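Heads up: the structure comes next, in structure tokens.
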Amino acid sequence: MRKNLLFRILLIAVPFAMLFSSCNKKDDMSIDEPQKVDLVFQANLTKPVLKSANLPYDEMLAALDCDWADYGTVHVRIATADQLPDGGTDYYLGYTQVGEGIASDLVQLTPGTFYLTRFEIVEKIDENQDWSEANSKIILATPMDNSAFQDFVTDVLPFEFEVGTYEKNRLVFDVLCFNQQVAPAFGFEWFDYNIVEGDEICVFVNCINEYDRENYHQVFASDMYAWKTALDGETVIPAGDVPYWVIGPNYEIGDNKLVSSVTPMCFPLYDVLDSMENGLILQLMPVFGKTFEDSIIYGDDVLVHISRDIIMEYLGFKTYEGIPEELGDGISVKVELTDDPQAENPRYIHIMLSDCNKPAYFESHNDNQVAEIYALRFVGTDVLMTKILDLTGEMRDPHIAVAPNRRQLYVVDSDQSDKILVYDLYSMSSEFFTADPGGTVPSKITQLVYADGTLYAADMGIDSLTFYVLNPDGFTYSLYSTIELTPGVDFSGGDLIATDAGTLWSFSKNGTTSYVHEIDIATGDVTQLAQETNLHNTFGAMVFEGGDFLITGHGEDVGLKGWATPFNFAGSFTSYNPIPDFTYVYGDLASPFILNRPVPD
């Protein structure tokens, strides 16, 4: 039978019997020896009466389950003033049933002032081991002073009491059903808990990518961190400067440097429940394996807000609904039940992402004929660069495009258009292919770009723009369109990105000025959107995560420049510091995102 219980504890001090002859007194004790007083702890079952019905912990406390018949031992810690706050003597006391309650075995104390610092009813974790704090599971407990549950009881701990000779002391305490999930509400943050069933939260993460049917329900491997939360207006944000928990990886990396053994991740939850009104935030750092130089390949972080309602549903404090909470950006969270009959906790929190947050890419080459490709991860104003390919000696001026599934990377050398490299992020393998010599093979390719799921190759110059469709299955080129130009701008030294309007934006430079043009490759229309000297020597361009933020290279200094559209360049730049720092001349940036083209005012 389920009982939501509040118990009344009676602490009774009974004078030790003094029915001895004078001869026996002399033999048994010195006349100056203090007489000990017997203490009996008695627990009586009463009706649950919550002291502060509006506290957010009401539903947690009401849901805690105790069964009186299972209680085995009373644990008390009694200290003198000089032993406070953490010292004292622990007593583990048996009991006998008295009416509807229990009475503990005797404890003997000499008269004086004492402090009750722990009052619990416990059971052993390992019956083969002696009683100790580490080998006891709390069933009921009295809260501490200044704890969240202090208003639910009449008196809190530590509690001062007097033991006097020939005096009968009667102390009354309330105890509440205890569960380690709500340990902080009792004020027990300092206690080293034994993690038992239900004392942890388990999450499972996957990403569902419509563009990657081969790995549609990709399991999400990541390093995980958990944050306490704060509010910025109505927005829940991480609290503090560093994560509260370092949860760790939910994966393993094998000898082949690839991710394997991705599992649900469980971590202790009790630390957050004292401030769980806004839930918690999980920080996920997606991991795709290690390079052969032992650098981990990361994608950009994902922050997932797990609300208090989801946590309560997971813990069983609320009725199981299994209804997802939509968090925006293609992220949803819900509680699910496992169909594994052997599972200790049948519930888990399922986090679903619409994107696996695979990295963007950057190709760099310099005057020393170094050609390298890096995976990019943005952290604040730093861009962390992990080298995944060294094409020095293979290509002089690589240009890259990322497939919509963010898994395949296509690389072509503008000096050798029949040689194409394909890199697969999941297997971290790369292979060169030669374009079909029986078809059209352009003599020069200056750009690659994915648009509407089609991989376009472009030969871009001053007088004309020629676009080809590059079939990534057979690596054949077919002519798409040729656009004759009149602007007098050198389009070759820049980059192409796709927009949600089905057009391309070109970023190119001419002397000390950079230009942005919109190109409709179907109609041949070319429209200048911006001309800006602050962007001189710009190279490369990619759409950042939001779809309306751009990042470009800058040939005048070490760093990348980020800016929003429409083009308001004055004071609008964000400088990203490449880590590790290196010298480049030009390069190419690529991501699979589509630019959300600004709507004209």
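Bear in mind that the values here come from a model prediction, so they are computed numbers and not experimental data. Heavy-atom basis, side chains included; hydrogens, waters and symmetry copies ignored. All residue numbers in this chain count up from 1 along the given sequence.
Residue-environment remark: CG (D294) exceeds the threshold of 12 foreign heavy atoms within 6.0 Å. In D82, the CG atom is crowded: over 12 heavy atoms of neighbouring residues, nucleotides or ligands sit closer than 6.0 Å.
The heavy-atom pair separating P404 from G453 by the smallest distance is CG-CA, 4.3 Å. Heavy atoms only, all atoms of each residue included: K334 and I310 are closest at CA-CD1, 4.1 Å. Across every non-hydrogen atom of S136 and S132, the tightest pair is OG-O, 3.1 Å. The minimum heavy-atom distance between A134 and I125, with the atom names listed, is O-CD1, 3.7 Å. Across all their heavy atoms, A451 and A498 have their closest contact at CB-CB, 3.9 Å. Shortest non-hydrogen contact noted between Q408 and N405 is OE1-ND2, 2.7 Å.
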Between L176 and L140, does the side chain to side chain contact (heavy atoms under 4.5 Å, CB included) criterion hold? Intermediate values first, please. CA-CA 5 Å; L176 306 175; L140 299 101; over 6 Å; no
Test I138 against I121 for side chain to side chain contact (heavy atoms under 4.5 Å, CB included), laying out the working first. CA-CA 6 Å; I138 304 172; I121 296 178; over 6 Å; no
Chi angles and distances behind the salt bridge (charged side-chain N to carboxylate O under 4.0 Å, His left out) call for E133, R77: CA-CA 11 Å; E133 194 169 44; R77 179 175 296 163; 3.3 Å; yes
Determine, stepwise, if the pair D355 / D329 fulfils side chain to side chain contact (heavy atoms under 4.5 Å, CB included). CA-CA 9 Å; D355 178 43; D329 296 327; over 6 Å; no
Using the side chain to side chain contact (heavy atoms under 4.5 Å, CB included) rule, take M352 and N206 through it: C-alpha gap first, then chi angles, then the decisive distance, then the call. CA-CA 5 Å; M352 292 158 286; N206 71 342; 3.6 Å; yes
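Taking the side chain as every heavy atom from C-beta outward, E160 and F114 never approach each other to under 4.5 Å. Here the side chains of Q218 and Y426 are in contact, with some heavy-atom distance below 4.5 Å. Residues L376 and Y361 have side chains not in contact (no heavy-atom distance under 4.5 Å, counting atoms from C-beta outward). Counting heavy atoms from C-beta on, the side chains of E252 and V259 never come closer than 4.5 Å. A 4.5 Å side-chain heavy-atom check between L327 and V333 finds at least one atom pair inside the cut-off. Taking the side chain as every heavy atom from C-beta outward, I388 and Y423 approach each other to under 4.5 Å. Side chains of V203 and L282 form a contact here, defined as non-hydrogen atoms less than 4.5 Å apart. Side-chain contact check for N278 versus L231: some heavy-atom pair is nearer than 4.5 Å.
Listed by chain and number, the residues in a side-chain hydrogen bond (donor to acceptor under 3.5 Å, both in side chains) with E326 amount to none (sequence neighbours excluded).
Taking CG from L109 and CD1 from I78, the interatomic distance works out to 5.0 Å, rounded to the nearest 0.5 Å. Atoms CD1 and OG1, on I281 and T229 in that order, are 6.5 Å from each other to the nearest 0.5 Å. With rounding to the nearest 0.5 Å, the separation of CD1 in I297 from CG in L425 is 6.0 Å. The OH atom of Y576 sits 12.5 Å away from the CG atom of L384 when rounded to the nearest 0.5 Å. Rounding to the nearest 0.5 angstrom, the gap separating the CD1 atom in I349 from the CE atom in M265 is 14.0 Å. Atoms CD1 and CZ, from I296 and F288 in turn, are 12.5 Å apart once rounded to the nearest 0.5 Å.
The residues R377 and D300 are annotated as not salt-bridged, no charged nitrogen and carboxylate oxygen being separated by less than 4.0 angstrom.
Listed for the N135 side chain is a donor-acceptor partner under 3.5 Å among the backbone atoms of D130. Without hydrogens or angle criteria, S591 side chain to V543 main chain gives a donor-acceptor distance under 3.5 Å. Although no hydrogens or angles enter the test, the distance criterion places a donor-acceptor pair under 3.5 Å between the side chain of N250 and the main chain of F220. When atom types are taken as modelled, the side chain of E313 and the backbone of E321 share a donor-acceptor pair closer than 3.5 angstrom. Under the 3.5 Å distance criterion, the side-chain polar atoms of Q83 are matched with a main-chain donor or acceptor of T80. Remark: side-chain polar atoms of D424 are paired, donor with acceptor, to backbone N or O of S427 under 3.5 angstrom. With S222 contributing its side chain and M224 its backbone, the two residues share no donor-acceptor pair below 3.5 Å. Counting only distance, with no hydrogens or angles, the side chain of D500 and the backbone of R597 share a donor-acceptor pair below 3.5 Å. Of the possible donor and acceptor atoms, none in the side chain of S295 sits under 3.5 Å from a partner among the backbone N and O of T291. Formation of a donor-acceptor pair under 3.5 Å by the K228 side chain with backbone atoms of L280 is not found in this model.
Side-chain polar atoms of D301 and Q283 form a donor-acceptor pair below 3.5 angstrom. Checking D309 against S307 by side-chain atom types alone, no donor-acceptor pair falls below 3.5 Å. D223 and Y251 form a side-chain donor-acceptor contact under 3.5 Å, judged by distance and modelled atom types alone. A donor-acceptor pair shorter than 3.5 Å can be found between the side chains of T113 and E162.
In this structure, the ring of F593 has its center no less than 6.0 angstrom from the ring center of F544.
Note that R347 lies outside the cation-pi zone of Y314, set by a 6.0 Å cut-off to the ring centre and a 45° limit from the axis.
Aromatic ring orientation, H75 versus Y92: parallel (interplanar angle below 30°, classes split at 30° and 60°).
Residue pairs satisfying the disulfide (SG to SG under 2.5 Å) criterion with at least one member in residues 237-267, sequence neighbours excluded, are listed as follows: C202-C266.
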